[in-house]
2 protein chains.
Amino acid sequence: MSTRAGPTGPARRRQILREAARLFAERGFHGVGVDEIGAAVGISGPAIYRHFAGKDAMLAELLVGISSRLRDGGIQRVRDCEARGLPPSAALDSLITGHIDFALDDRALITLHDRELGQLQEADRKQVRQLQRQYVELWVGVVRQVHPGLSERRARACVHAVFGLLNSTPHLSRPASLPDRRETADLLHRLARGAFAAG
Amino acid sequence: MSTRAGPTGPARRRQILREAARLFAERGFHGVGVDEIGAAVGISGPAIYRHFAGKDAMLAELLVGISSRLRDGGIQRVRDCEARGLPPSAALDSLITGHIDFALDDRALITLHDRELGQLQEADRKQVRQLQRQYVELWVGVVRQVHPGLSERRARACVHAVFGLLNSTPHLSRPASLPDRRETADLLHRLARGAFAAG
DNA sequence: GTGCGTGGTTAATGTTCGTTAACCCACACC
DNA sequence: GGTGTGGGTTAACGAACATTAACCACGCAC
């Protein structure tokens, strides 16, 4: 049997990423050292390099992963709604719900997502921005179907603003002040719809 | 006459703070060195220490300044509306307008405001948080007058979310894509009102 | 005109931190 | 039973960086 080691292989990788995301969100990319990340998973310091090429690579993987998940999930949701013959309004609701789920379940990632983009190297930053842009454009298309009066520019501005609204989740409540998740999700959903309706 | 020097006294201080805010917003507090801040104002490196006790002190002054300006401006606006016998709805509009002006005119500061709070020392962080809390409570009071159905908890959640919406300004448009400021400000104002109305 | 405060300068210091080196051990496999 | 590899360890290295030291020049008060 293994003498004392923790997870191994890709599981260890995921564990490191999870803890790194938490720490980066808490204290910023430059605010946390690799030793701390190692300590958070029970190994120490340079062992990280058995799993990642470096600190930058971890951040890049996190940010690309977030952006991909958001975009792919959004595409999937819109496609599902279309396939089931639902109206654009249902697609918008689905997009909002998906984004809220993500924001509530992966706070740390949402925080990182727009806080630490600047720390990436040019190539990675370009990729993340492209994914983000595609996600935004997906929303813009649906929003303009639901609110045909909106110009593309205005719709895009609305989408960015609503993202800001939805991503405010990490600022809501320190410890346990969000008693039921359902209630918070519903509120955010209504606020987002209200904002779009007013746009 | 002075041989070659730039501004002097408190003017130089303000100049340093302005450039530091810009750089911190661009690359994060830990991502920029004092040498760069000095270079941005035409002096080099340790000359900063003639004006500030250290890098931390600069950030603290920036964040306390932002929070104070927001809170004091908000209090002033609400008081003005009350003094002129205007309805709560006018006070809310005034709060929104003031916040948008700030967000549009001082993007860097808005960015810093919730990105770098964690880098402060405990004492400063406590002060900033207190100012922020007072600002939020000011909004909550007004919002609950305008929308009496809202519980305090829900109103607070709405206010946080709307802050997220209004503070999304830095994410809107890279270079010059906000053609007229007026239009952007109006849009954000309507979105904020729409969100509150839906809360 | 001597003196001092203000705001610079460059060089030095000490630490922190990312990364690499060198080494090691357990297990799978043949 | 040797061996290779995956995943650890600690020590060493080198760069970056905040801060301090030592020094200097100007302008103004007396």
Side-chain angles (χ1 to χ4, degrees), chain A residues 1-21 23-24 26-63 112 116 118-124, chain B residues 1-21 23-24 26-63 112 116 118-124:
Chain A
M1 75 178 166
S2 72
T3 53
R4 181 132 281 279
T8 179
R12 175 50 62 92
R13 242 184 99 85
R14 282 193 298 273
Q15 186 195 21
I16 294 173
L17 279 178
R18 181 158 22 91
E19 293 304 302
L23 290 168
F24 289 162
E26 272 175 15
R27 309 216 294 279
F29 178 67
H30 290 298
V32 39
V34 294
D35 288 3
E36 291 177 84
I37 299 171
V41 300
I43 66 185
S44 251
I48 301 280
Y49 289 80
R50 299 291 172 192
H51 303 273
F52 297 94
K55 208 182 159 197
D56 296 0
M58 296 177 45
L59 184 64
E61 194 163 328
L62 282 171
L63 294 193
L112 255 49
E116 309 287 357
Q119 313 299 337
L120 257 46
Q121 305 205 240
E122 181 60 18
D124 296 317
Chain B
M1 73 177 172
S2 72
T3 54
R4 182 132 277 281
T8 179
R12 174 51 59 94
R13 241 184 101 85
R14 282 192 299 274
Q15 187 195 20
I16 294 173
L17 278 180
R18 181 158 22 91
E19 294 303 304
L23 289 168
F24 288 161
E26 272 175 15
R27 310 216 293 280
F29 178 66
H30 289 298
V32 40
V34 294
D35 287 3
E36 292 177 82
I37 299 172
V41 301
I43 66 185
S44 250
I48 300 280
Y49 289 80
R50 299 293 171 191
H51 302 274
F52 298 93
K55 210 182 157 195
D56 296 0
M58 295 177 44
L59 183 65
E61 194 164 326
L62 282 171
L63 294 192
L112 255 49
E116 309 287 357
Q119 313 299 338
L120 257 45
Q121 306 205 242
E122 182 59 19
D124 295 317

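In what follows, chains carry the letters A, B, and so on, assigned in the order in which the sequence lines appear, proteins first and then strands, with residues in each chain numbered from 1. These numbers come from a predicted model, not from an experiment.
Side-chain proximity of A:Tyr49 to the nucleotides D:dG7, C:dG18, C:dT9 is greatest for C:dG18. For A:Lys55, counting side-chain heavy atoms from C-beta on, the closest listed nucleotide (C:dG18, C:dT9, D:dA18) is C:dG18. Listed nucleotides D:dT9, D:dA18, C:dT10 differ in distance to B:Pro46; the shortest reach to its side chain belongs to C:dT10. Among the nucleotides D:dT9, D:dA18, D:dG7, the one closest to the side chain of B:Val34 is D:dA18.
Contact of the B:Glu61 side chain with the B:Arg13 side chain is registered, since non-hydrogen atoms from C-beta on lie closer than 4.5 Å. Looking only at side-chain heavy atoms (C-beta outward), A:Met58 and A:Phe29 stay at 4.5 Å or farther from each other.
Rounded to whole angstrom, the span from the NE2 atom of B:His51 across to the P atom of C:dG5 amounts to 17 Å. In this structure, the CD1 atom of A:Ile48 is 13 Å from the C1' atom of C:dT19, given to the nearest Å. The distance from atom CZ of B:Phe52 to atom C1' of D:dT19 is 16 Å, rounded to the nearest whole Å. Put simply, CG on B:Asp35 is 12 Å from P on D:dT19, counting in whole angstrom units. Taking atom CZ of residue B:Phe24 and atom C1' of nucleotide D:dA18, one finds them 12 Å apart after rounding to whole Å.
Between B:Asp35 and B:Gly45, the closest heavy-atom pair is OD1-CA, 3.2 Å. Considering all non-hydrogen atoms of both residues, A:Leu59 and A:Glu116 come closest at CD2-O, 3.9 Å.
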